[in-house]
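Below is one structure; the comments refer to it alone.
We count ligands from 1, going down the list as the structure has it; atoms in each ligand are counted the same way. Just so it is clear, the values below take in all heavy atoms, side chains as well, and ignore hydrogens, waters and symmetry mates.
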Amino acid sequence: MYDIKKGYELAKEYYAQYGIDVDKVIEICDKTPISMHCWQGDDVNGFEKKEGGLTGGIQTTGNYPGAARNAEELRADIEKAMEFIPGELKVNVHANYQEADTFVDRDAITEENFKNWADWAVEKGIGLDFNPTYFSHPLSEKATLSSADENVRKFWVKHGIACRKIGEYFYKRTGKVCVINHWTPDGDKEFPIDTLTPRTQLKKSYDEIFEATKDVEGVMDGIESKVFGIGAESFTAGSHEFCMGYVMKANKDHIIMTLDTGHYHPTEVVSAKLGAVYTFSDHVLLHVSRPVRWDSDHVVAFDDETKAIMEELVRLDKLEDTYIATDFFDASINRIAAWAIGMRNTRKAMLYALLQPTEMMKKLEAEGDVSGRLAVSQEFKAAPFSLVWDYYCEKTNKGVGLSWLDEVRKYEKEVLLNR
Ligand code: RNT
Ligand code: ZN
């Protein structure tokens with residue numbers, strides 16, 4: 001290992017030339033929460049005592065050994081991954097990760113079914129976020145909240161209500177706001193003749209969920225849109241326009257947009273949407289993912305778009321107001337390595353964005369010095385960023401460089417391969 005302290009001292013001098021205080025940057029980066037999705041650990045299957053796999057037009061591919069088979073194993077795996085993830089962390093739980101001795105249907109889940117998650121989070125000192133599971137269920141095959149069948153629609157409204165109450169329970173147990181994400185897979189393989197009724201039904205359902213739980217405290221609600229899913233290639237009820245319209249018209253502090261990086265047309269990027277959304281909203285929920293040709297939910301990479309999203313949040317001064325969550329599921333590699341790589345990359349992109357002379361660039365832009373603006377932003381693409389990243393990982397004891405990989409391999413041999 002090289003002299004990390006020496007590298008850090010040098011980087012500190014480099015960044016100081018541009019008025020950047022590396023220690024201050026590390027502090028901001030470290031305290032900004034990232035919510036890690038629990039569902040990478042078992043391929044979005046969950047632990048309901050019932051048959052049936054993943055549906056809803058999303059897919060995991062691969063059969064790498066060692067997926068968690070129950071909540072205890074999943075929490076142990078999350079704890080292992082946490083050893084390699086620097087910075088404030090939350091854990092994002094889906095409703096199908098309930099724990100019960102016998103099957104409890106989605107409309108009947110209560111805080112009891114999530115007590116172990118809450119106890120664990122309190123013990124670890126972390127916050128919890130939550131998601132209704134409007135998929136992988138016999139009643140979700142055609143449609144959920146947008147269904148024309150009143151029995152089906154009401155079932156899912158009850159599920160949404162149950163989830164908001166569980167969100168409040170998480171808030172009360174952990175003392176940290178619980179961010180709930182609502183995503184329905186409802187859509188159609190072909191373009192429907194009537195594209196309005198499913199939307200008015202979906203709107204009515206969200207209205208009913210929020211009205212019935214209007215006294216719930218400590219919960220934020222993201223409404224997630226999507227352009228298409230497998231089997232819903234031509235139409236989604238919860239399209240971008242629908243969800244944006246719903247959030248803006250609701251005009252309630254707790255109802256916000258969820259922007260998932262895989263949910264738009266291939267040349268459309270979330271980084272370019274943030275400024276517009278923030279003109280009208282105080283908060284945004286982000287699902288950081290990596291779409292490869294479709295909403296494939298590959299492990300988050302340290303790529304241009306992830307960096308652009310973080311740069312935009314820093315430039316908008318919205319890092320604090322944005323709920324950053326990850327959403328990827330890869331079953332073809334070690335699942336703990338997947339978490340470590342994706343979460344480290346998300347955090348790394350945040351640090352990269354913070355280590356830029358944002359004020360200097362803003363000033364140049366305001367003065368009309370567009371040449372200077374371009375020159376400065378390009379110069380920083382090759383700044384000695386990794387020296388600061390290594391120092392940050394060492395300081396927080398989360399593994400410098402690739403040292404975490406040996407630990408993951410050891411855990412694979414000792415734990416995962418024995419499952
Ligand atoms: C699906 C959405 C949604 C899910 C999770 C599991 O396309 O992105 O957020 O990935 O609810
Ligand atoms: Zn998502």
Using 2.8 Å as the cut-off, note every protein N, O or S atom close to the Zn ion (ligand 2). Glu224 OE2, Asp260 OD2, His287 ND1, Asp327 OD2

Taking 4.0 angstrom as the limit and counting only heavy atoms of Phe329, give me the atoms of ligand 1 inside it, by number and element. 10 (O)

May I ask you to list the atoms of ligand 1 that are less than 4.0 angstrom from any heavy atom of His94? 5 (C), 6 (C), 11 (O)

Output yes when a side-chain donor or acceptor of Arg347 lies under 3.5 Å from a complementary backbone atom of Glu88, and no otherwise. yes

His263 neighbourhood, listing ligand 1 atoms whose heavy-atom distance to it stays under 4.0 Å: 1 (C), 2 (C), 7 (O), 8 (O)

Which of the numbered atoms in ligand 1 are under 4.0 angstrom from any heavy atom belonging to Lys226? 1 (C), 7 (O)

Taking Thr110 for the side chain and Glu112 for the main chain, is one N or O donor matched with an acceptor at less than 3.5 Å? yes

For Asp260, state whether at least one heavy atom is located under 4.0 Å from any atom of ligand 1. yes

Using a plain distance cutoff, I'd like to know if Asn131 has any nitrogen or oxygen under 3.5 Å from a nitrogen or oxygen of ligand 1. no

For Ala108, is there any backbone N or O sitting under 3.5 Å from a side-chain donor or acceptor partner on Asp105? no

Residue part near ligand 1, for Asp295, under 4.0 Å between non-hydrogen atoms: side chain

Using distance alone, with no hydrogens and no angle criterion, decide if His182 and Asp221 have a side-chain donor and acceptor under 3.5 Å apart. yes

By number and element, which atoms of ligand 1 are closer than 4.0 Å to a non-hydrogen atom of Ile58? 1 (C), 7 (O)

Distance alone, cut at 3.5 Å: any donor-acceptor contact between the side chains of His287 and Ser289? no

So, does Gln98 use its side chain to make a donor-acceptor pair with the main chain of Val104 at under 3.5 Å? yes

Backbone N/O of Ser147 and side chain of Gln201: donor-acceptor pair under 3.5 Å: yes

Nearest heavy atom to atom 9 (O) of ligand 1, choosing from Gln40, Gln59, Glu224, belongs to Glu224

Which residue supplies the protein heavy atom nearest to atom 4 (C) of ligand 1, what is that atom called, and how far is it? Asp327 OD2, 3.6 Å

Could you list the residues that satisfy salt bridge (Lys or Arg N to Asp or Glu O under 4.0 Å) with Glu233, not counting sequence neighbours? none

Pick one: which of Ile256, Ile34, Asn181 meets side-chain contact (heavy atoms from CB on, under 4.5 Å) with Tyr323? Ile256

Given 3.5 Å as the limit, does a donor-acceptor pair link the side chain of Glu394 with the main chain of Tyr391, or not? no

Work out whether the distance between some heavy atom of His37 and some atom of ligand 1 is less than 4.0 Å. no

With rounding to the nearest 0.5 Å, note down the distance linking CG in Asn116 to OH in Tyr97. 16.0 Å

Could you list the atoms of ligand 1 found under 4.0 angstrom from a heavy atom of His287? 9 (O)

Is there a side-chain hydrogen bond (donor to acceptor under 3.5 Å, both in side chains) between Asp77 and Tyr411 once you walk through the steps? CA-CA 9 Å; Asp77 291 355; Tyr411 187 77; 2.6 Å; yes

